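Working notes for the structure below.
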Amino acid sequence: MNKIPFLDLQPTHSVIKDEMIQAFNSIYDSNWFILGQRVVDFEKEYASFNQTKYAIGVSNGLDALFLAMKALGIGSGDEVIVPSNTYIATVLAVSYVGATPIFVEPDSLTYNINPKLIEKAITTRTKAIIPVHLYGQACEMDAINDIAKKFKLKVIEDNAQSHGATFKGKLTGNWGHVNATSFYPGKNLGALGDAGAITTNDEKIAKRIQILRNYGSKEKYYNEVIGHNMRLDELQAAFLSVKLKYLNDWTVQRQTIAQWYNEVLQSVPDVVLPHTHSDATHTYHVYVIRTKKRDELQKALTKHEIGTLIHYPIPPHLQTAYRNLGYKKGDFPIAEEFAKTSLSLPIWPGMSKENCVQIGNVIKSFFKH
Ligand SMILES: *Cc1c(COP(=O)(O)O)cnc(C)c1O
């Protein structure tokens, strides 16, 4: 039996190797590495891909979320609604601006924030909602935006896992006032290092973020605000431009692999398969199954040299870092249940059907015994 890693970038990276080396060579020869034409070009290309007026390249996804909130003026004393089952970065960004994260439980089918539970969490201090398109599936953005409008809140999409996903035909990263994404190497669109972007249709906010990411300055050595060094660099921008051309094709491959898994695993009664909302598309950043026997199943897969991960083993409200928020076990039972039962199976563009069948057979034989 073949060893199967959790993620293998080799199949996609080998196809584009010549183009990537060309991109590297052109920047190496230009001797220009920070805020040049490559960043401008990629920003145009990504904005066009995302059908937003603006995209601003930044250092990573966490900084993108932070800058998005800072540009909206969210800060100390404010509350920001986040899903209780998200990756820690979403919550950290809220802390970075000095605001308080307020957790709302996910829908138990889609794993995305449940719009029906948002209104109950709103107080006079609430300033924004951060929907996270978790695992690659778009959130119910129409319902979320309706609530935001009713209560005059800002919406900041966390689009780190879902480049190219849609809800009712409209792309994620194009619904909120200002939206953040990550190009961490393992994401669906990944750089060869840290990188991220902000997308928005608001010119004022776009300009504010361009200044904030670059020392608070529009003109070199003239500082308008206390800014940051959170820029996307030329090399990563050039690499991302190469990869962006392939992204739609890679997403289709991920969806095909998810379909193979669905077919192989549908007859296993103890396994909950991913569920896609009828108005959403899913880009399968990760393929997550759920089972009460998660830890034992993971061990069995490891024994067969099949890589898996848990997204995520500890929900944010139970992390040591957030002890001061005063939450305890049982406060967000759905998120806690997901943390105990979720298991992410290998998925990457170029993964073979044989791999899916092999993994499926290990899972089936595990549940037979
Ligand atoms: C990866 C990720 C981030 C953070 O991105 P980085 O580039 O690693 O800082 C934020 N939110 C979610 C949901 C993510 O998956």
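For ligands, and for the atoms within them, numbers begin at 1 and follow the listed sequence. Hydrogens, waters and symmetry mates play no part in the numbers below; they use all other heavy atoms, side chains included. Bear in mind that the values here come from a model prediction, so they are computed numbers and not experimental data.
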Hydrogens and angles aside, do R38 and S26 bring a side-chain donor and acceptor to less than 3.5 Å of each other? yes
Review item, side-chain donor-acceptor pairs of residues 156-166, under 3.5 Å, at least two apart:
unit_1, atom_1, unit_2, atom_2, d
E157, OE1, H133, NE2, 2.8
E157, OE1, G173, N, 2.6
E157, OE2, G173, N, 3.4
E157, OE2, N174, N, 3.3
E157, OE2, W175, N, 2.6
E157, OE2, G176, N, 2.8
D158, OD1, A160, N, 3.2
D158, OD2, T90, OG1, 3.0
N159, OD1, S162, OG, 2.5
N159, OD1, T172, OG1, 2.8
N159, ND2, T172, O, 3.4
Q161, OE1, Y135, N, 2.6
Q161, NE2, Y312, OH, 2.9
H163, ND1, L189, N, 3.3
H163, NE2, T181, OG1, 2.9
H163, NE2, S182, O, 3.0
T166, OG1, T281, OG1, 3.2

So what's ligand 1 close to, N/O to N/O, under 3.5 Å?
unit_1, atom_1, unit_2, atom_2, d
ligand 1, 5 (O), S182, OG, 3.2
ligand 1, 7 (O), G61, N, 2.8
ligand 1, 7 (O), S182, OG, 2.7
ligand 1, 9 (O), G61, N, 3.3
ligand 1, 9 (O), L62, N, 2.9
ligand 1, 11 (N), D158, OD1, 3.3
ligand 1, 11 (N), D158, OD2, 2.8
ligand 1, 15 (O), Q161, NE2, 2.8
ligand 1, 15 (O), K187, NZ, 3.2

Strictly below 4.0 Å, N to O, side chains only: are K168 and D142 in salt-bridge contact? yes
If the threshold is 4.0 Å, N to carboxylate O, is there a salt bridge linking K245 and E19? yes
Measuring centre to centre across the rings, with the benzene-like ring taken for any Trp, is F42 within less than 6.0 Å of F49? no
Exercise: do T110 and Q137 side chains pair donor with acceptor under 3.5 Å: no
